[in-house]
Amino acid sequence: EVQLVESGGSLVQAGGSLRLSCAASGFTFDDYAIGWFRQAPGKEREGFSCISSSDGSTYYTDSVKGRFTIASDNRKNTVYLQMNSLKPEDTAVYYCAALSYSSPYYCAQFRGYVYWGQGTQVTVSS
């Protein structure tokens, strides 16, 4: 069974930090890039970070660059998202997803992801 399970979402005050985890199972972790997406109330789902284990590249959108850090522990088949300096506008359901290296897309296009987690709620209060 293919599974991506996010954890670590919580209620946090503005300026605080959270660390999200994405635990993968049921597929060959090393053959996929992992992306992070979020969906805020009333907004479209957006990808904002990904990591490509083939070359270790990481990608961030401007909205999170300098505040969020993505990292992978291949031994544990887990990707982490360290979120610092959180803002109320970061409030969203956060999802991780997997993109096959056989895909025509690269991970920062945030298209073609085939496996998805259930999401974890991050709420940032002011």
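Residue numbers count from 1 along this sequence. A quick note: this is a predicted structure, and the numbers were derived from the prediction, not measured.
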Quick one: hydrophobic cluster around [X], which other residues, with the 4.5 Å side-chain cut-off, linked directly or via members?
X      : result
Tyr59  : none
Tyr101 : none
Phe37  : Val93, Tyr95, Leu99, Phe110, Tyr113, Trp116

Please identify each residue that fulfils side chain to side chain contact (heavy atoms under 4.5 Å, CB included) with [X], with sequence neighbours left out.
X     : value
Lys65 : Tyr60
Asp73 : Arg75, Lys76, Tyr80
Asn74 : Phe29, Asp30, Ser53, Ser72
Ser17 : Gln82, Asn84

Practice task
List for me each residue that meets side-chain hydrogen bond (donor to acceptor under 3.5 Å, both in side chains) alongside Arg45, sequence neighbours excluded, and say none if there are none.
Solution key: none
At what distance, to the nearest 0.5 angstrom, does [atom1] of [X] lie from [atom2] of [Y]?
X     : Y     : atom1 : atom2 : result
Glu46 : Gln39 : CD    : CD    : 9.5 Å
Ser25 : Leu4  : OG    : CG    : 7.5 Å
Arg38 : Thr61 : CZ    : OG1   : 6.5 Å
Ser49 : Arg67 : OG    : CZ    : 11.5 Å

Handout entry: Which residues share a ring-ring contact (aromatic ring centres under 6.0 Å, His included) with Tyr115, sequence neighbours left out
Key =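 Only Phe27, Tyr32 meet the ring-ring contact (aromatic ring centres under 6.0 Å, His included) criterion with Tyr115.
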Handout entry: Any pair counted as disulfide (SG to SG under 2.5 Å), so long as it reaches residues 46-87, sequence neighbours left out
Key = Cys50-Cys107
Show which side-chain atoms of residues 5-16 pair as donor or acceptor with protein atoms under 3.5 Å away, not counting sequence neighbours.
unit_1: Glu6; atom_1: OE1; unit_2: Gln118; atom_2: N; d: 2.9
unit_1: Glu6; atom_1: OE1; unit_2: Gln118; atom_2: NE2; d: 3.4
unit_1: Glu6; atom_1: OE1; unit_2: Gly119; atom_2: N; d: 2.9
unit_1: Glu6; atom_1: OE2; unit_2: Cys96; atom_2: N; d: 2.8
unit_1: Glu6; atom_1: OE2; unit_2: Gly119; atom_2: N; d: 3.4

Exercise for the section: For the residue pair Val122 and Leu20, establish whether any side-chain heavy-atom pair is separated by less than 4.5 Å. Expected result: yes
Problem - Heavy-atom side-chain proximity of Phe68 to Asp90 below 4.5 angstrom - result: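 Answer yes - side chains close enough.
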Practice task
Kindly write out the residues that satisfy salt bridge (Lys or Arg N to Asp or Glu O under 4.0 Å) with Glu89, not counting sequence neighbours, or none if the list is empty.
Solution key: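 Applying salt bridge (Lys or Arg N to Asp or Glu O under 4.0 Å) to Glu89 gives none.
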Handout entry: For Ile34 against Cys22, the heavy-atom pair lying closest together
Key =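 Distance-wise, the nearest heavy atoms are CG2-SG, 4.4 Å.
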Problem - Thr78 (side chain) donor-acceptor with Ala23 (main chain) under 3.5 angstrom - result: no
Practice task
Decide yes or no on side chain to side chain contact (heavy atoms under 4.5 Å, CB included) for Tyr94 and Leu18, but give the supporting numbers first.
Solution key: CA-CA 12 Å; Tyr94 283 69; Leu18 285 174; over 6 Å; no
